[in-house]
Number of protein chains: 2
Amino acid sequence: MELEKKLSKVSKRIKSSLIRELLDLKDPEMISFGGGVPDPDTFPRHEIAKIASEVIENEHRVTLQYGSTGGDNILKEQYIKLLKKHENIDNLDVDNLLITVGSQQALYLLGITFLDEESYCGVSRPIYLGAASAFQQRDPKFINVPLLEDGMDLDYLEKELEKLNKEGNIEKFKFLYVISNFHNPAGVTMGIEKRKKVVELANKYDFIIVEDDPYGALRFEGEKLPSIYSMAPERTILLNTFSKVLSPGLRLGLVVGPKDMVKRISMAKQAADLCTPALTQRIGARYLERFDLIEGIQPTIEIYREKKNLMMKLVEEKLGDIKGIKWINPEGGLFTWITLPEGFDTLEMFEIAKEEKILYIPGTAFYVDEPDNNTMRLSFCLPTKEKIKEGMDRLRKTIDRYAKEKGLEI
Amino acid sequence: MELEKKLSKVSKRIKSSLIRELLDLKDPEMISFGGGVPDPDTFPRHEIAKIASEVIENEHRVTLQYGSTGGDNILKEQYIKLLKKHENIDNLDVDNLLITVGSQQALYLLGITFLDEESYCGVSRPIYLGAASAFQQRDPKFINVPLLEDGMDLDYLEKELEKLNKEGNIEKFKFLYVISNFHNPAGVTMGIEKRKKVVELANKYDFIIVEDDPYGALRFEGEKLPSIYSMAPERTILLNTFSKVLSPGLRLGLVVGPKDMVKRISMAKQAADLCTPALTQRIGARYLERFDLIEGIQPTIEIYREKKNLMMKLVEEKLGDIKGIKWINPEGGLFTWITLPEGFDTLEMFEIAKEEKILYIPGTAFYVDEPDNNTMRLSFCLPTKEKIKEGMDRLRKTIDRYAKEKGLEI
């Protein structure tokens, strides 16, 4: 059978994720600044193991059974309390929330619910890879808004919106996708004035704001900013996840939004997988009942902060002399974003990096238009401090070798 | 914000599941022949609780972390052993398998991978509701093949295929979707000759066979038949699930098929949710290592068999005198399918059923073309024997009241 002939258009369009392929490199000598995965030793495994056993023994009629598509109400109620306590978000009930199989599913369902081929959606440039792959399934038109150090270039966005408006196409602009805190991959945080401006534009041009905030709890420095959701709950869909603050293995994502929108997204989920596992949801619920997720993550934040500071110090020391290099010093999260001089191609350079046994993510993975080939994402959360030091040396060696090979002046 | 204007075409098309809405009726007086859910007291909760605790404590670097999109290799290896032992399926390796969030996700990903609007797919009439909602997302053209007592009417299918062939459209026929054992909703099993004929047609017209077998292990009587997969592994995708034989709360579905197809389906999954929870997968893996799933389900089968026999005896006793009534006596699974005389509309009759406090699933839920309104699905797995008796009395009363109201002779 000639499979290609049987595939749908969308299947032919899907490419395998570059990141996932890179992360499959299993050389023990390799130092990885690649994945955005938390250190599993920071997960509260004893507590989770105890809760898992209890909810299977005592609540098996729920935990081992099908659940409702919208999700476990006990988990939702607990999460509503958390949002009230830590995010000052009020007036929610369970119908404002949907539990998904990780945030990736939430992004995917947003694409299904809102986007057609003729739709427009606004995204950052660079864009989070998972969002790109989810939205690309629907083949919409992207408005790629450049990221500045304090978030999206909203002047650019406004001009594009006005253009759509004049063309009579503004109704086809469905949503703006924003990672408000510690952007993946770019590390930047959207400032308060820009958050207000996003709401102003959304009101003016009547679009939905999708605020993705997987890393918000992982702030190392600077002042916590109010969420866009809190400024415009009637038109914002907030995405949260347990993956960075408790454990990715539970695959628990949360959609918070207006009830009518949440209902539509939930209807898309029904066809996609009926329901999120009842077991992992109830584990999450009982965990939230007993522990404060945000307080619990503080020791991990201490570790991340130290690693981040170390990496940024080394970026400056080891790479700072490269003419025209730029980097982001993030206030939280898992990533820094480096822009090498013009002429560098970090995907091409990756071959040398493999030889030097240092792994980063070439920036080209994070664009839905022509990529800036001279960019790369580095994560500091998983390697030890010693490996960060050694890894930065290897990275410099890689850059030097590539520059020499290509005749680039640095 | 006027939400309707923002929705995608597919979102506007999605209807909420009738079954899920009916099953939300939470009246404790109600006797339900509705859901196809196993009795949670039959789940091995002590064993699952122990394994869950162990795999979180001892394998937290796997169970609490992101997993690969294709699924946990240890689970796959265990399942390959099970398929060899109980299904006589050989020559599989881990790349032939994909782990999904329940079979529903597998069905959904099949739609994404193979179907476009101009595609054709063959389905049974009636069709499993979850498959209908998954495939309908892609808006393909359905060839609705009537179900006979020994499975699909393959003469009908062959004529339709020949028609497509003559029109030059046969390449657009992507797959035939078959529930080979104890069909949901219709209860019928496809006979061996028909299985062979399906393979013959698939070879002749070069299409994929999707064999969905969630209930195969739940055989009460009659001879176990070889799977279609075993007859044509090069063009068949077999769907299995843990939901009916271990626990639906784990949400573990399995896709078995040719490697190139499994890879494509896996790439669609990557955008949909990255990976199935590592925790539930490893619980399943370690369970399979220690226990034989198929032997473990035998006591449950005993219970189901007794309940099925009781229900079928009562169908004959209590409803047998209704002129023109037909029913299926299934050899396994969870459902019987009843066809009332012409003129009955079981969805309309449902209002009386609710008053009589008996719940069934109106057949209209199981069609993607004009429904046969006089059909209904009854499940015998969950209610006690006492409730089955009482429920059948209530059903007869419901039918009598409806017939009287409508002036139908029965």
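Proteins get letters first, then strands, A, B, ... in listed order; numbering begins at 1 in each. For the numbers below, each heavy atom of this structure counts, side chains included, while hydrogens, waters and symmetry mates do not.
Neither the backbone nor the side chain of A:S119 has a heavy atom closer than 4.5 Å to any heavy atom of chain B. Contacts of A:F135 with chain B are absent, with no heavy-atom separation under 4.5 Å from either backbone or side chain. Residue B:E117 does not touch chain A at all, counting heavy-atom pairs closer than 4.5 Å. Only the side chain of B:F43 comes within contact range of chain A, with at least one heavy atom under 4.5 Å from a heavy atom of that chain. If you measure heavy-atom distances from A:E59 to chain B, you find no contacts under 4.5 Å at all. No part of B:F175 comes within reach of chain A, as not one of its non-hydrogen atoms sits under 4.5 angstrom from that chain. Interface residue A:E118: only side-chain heavy atoms are found under 4.5 Å from chain B. Of the atoms belonging to A:R282, not a single heavy atom falls under 4.5 Å from chain B. For chain A, the nearby part of B:I283 is the side chain; its heavy atoms alone come within less than 4.5 Å.
No donor-acceptor distance shorter than 3.5 angstrom exists from the side chain of A:R264 to the backbone of B:L7, with no hydrogens or angles considered. The backbone N or O of A:K174 lies less than 3.5 Å from no partner atom in the side chain of B:K6, so there is not a single donor-acceptor pair. Side chain of B:R251 to main chain of A:T276: no donor-acceptor pair is present (N/O by atom type, distance under 3.5 Å, no hydrogens or angles). Between the side chain of A:S8 and the backbone N or O of B:I112, at least one donor-acceptor pair lies under 3.5 Å. Of the possible polar contacts, none joining the A:K50 side chain to the B:S53 backbone as a donor-acceptor pair under 3.5 Å is found. In terms of modelled atom types and a separation under 3.5 Å, the side chain of A:D116 and the main chain of B:K9 share a donor-acceptor contact. The backbone N or O of A:I14 sits nowhere less than 3.5 Å from a side-chain atom of B:Q270 that would complete a donor-acceptor pair.
Under the 4.5 Å side-chain criterion, counting only non-hydrogen atoms from C-beta, A:E234 is not in contact with B:M1. Looking at heavy atoms from C-beta onward, A:R138 lies in side-chain contact with B:V10 at the 4.5 angstrom threshold. At least one side-chain heavy atom of A:H60 sits less than 4.5 Å from a side-chain heavy atom of B:D41. In this structure, B:C275 and A:Q104 have side chains that are not in contact, with every pair of non-hydrogen atoms separated by 4.5 Å or more.
Taken to the nearest 0.5 Å, the CG atom of A:D273 stands 9.5 Å off from the CG atom of B:L109. Within the model, atoms CG of A:L3 and CD1 of B:I208 stand 6.0 Å from one another, a figure rounded to the nearest 0.5 Å. To the nearest 0.5 angstrom, B:S11 atom OG is 11.0 Å from A:L115 atom CG.
Across A:Y66 and B:K244, no two heavy atoms sit closer than the pair OH-NZ, 2.8 Å. In this structure, B:P38 and A:Q65 approach most closely via the heavy-atom pair O-NE2, 3.0 Å. Heavy atoms only, all atoms of each residue included: A:A268 and B:Q137 are closest at O-NE2, 4.4 Å. B:L64 and A:P248 make their closest contact through O-CD, 2.9 Å (heavy atoms, listed as atom of the first residue, atom of the second, distance). Contact between A:K5 and B:E171 at its shortest, heavy atoms only, is NZ-OE2, 3.1 Å. The shortest non-hydrogen separation linking B:A271 to A:S133 is CB-O, 3.8 Å.
Counting heavy-atom pairs under 4.5 Å between each of A:G102, A:A272, A:A278 and chain B puts A:A272 at the top. Residue with the most contacts toward chain A among B:E57, B:Q105, B:M267: B:E57 (heavy-atom pairs, distance under 4.5 Å). Across B:T113, B:L107, B:T63, the residue that shares the most heavy-atom pairs under 4.5 angstrom with chain A is B:T113.
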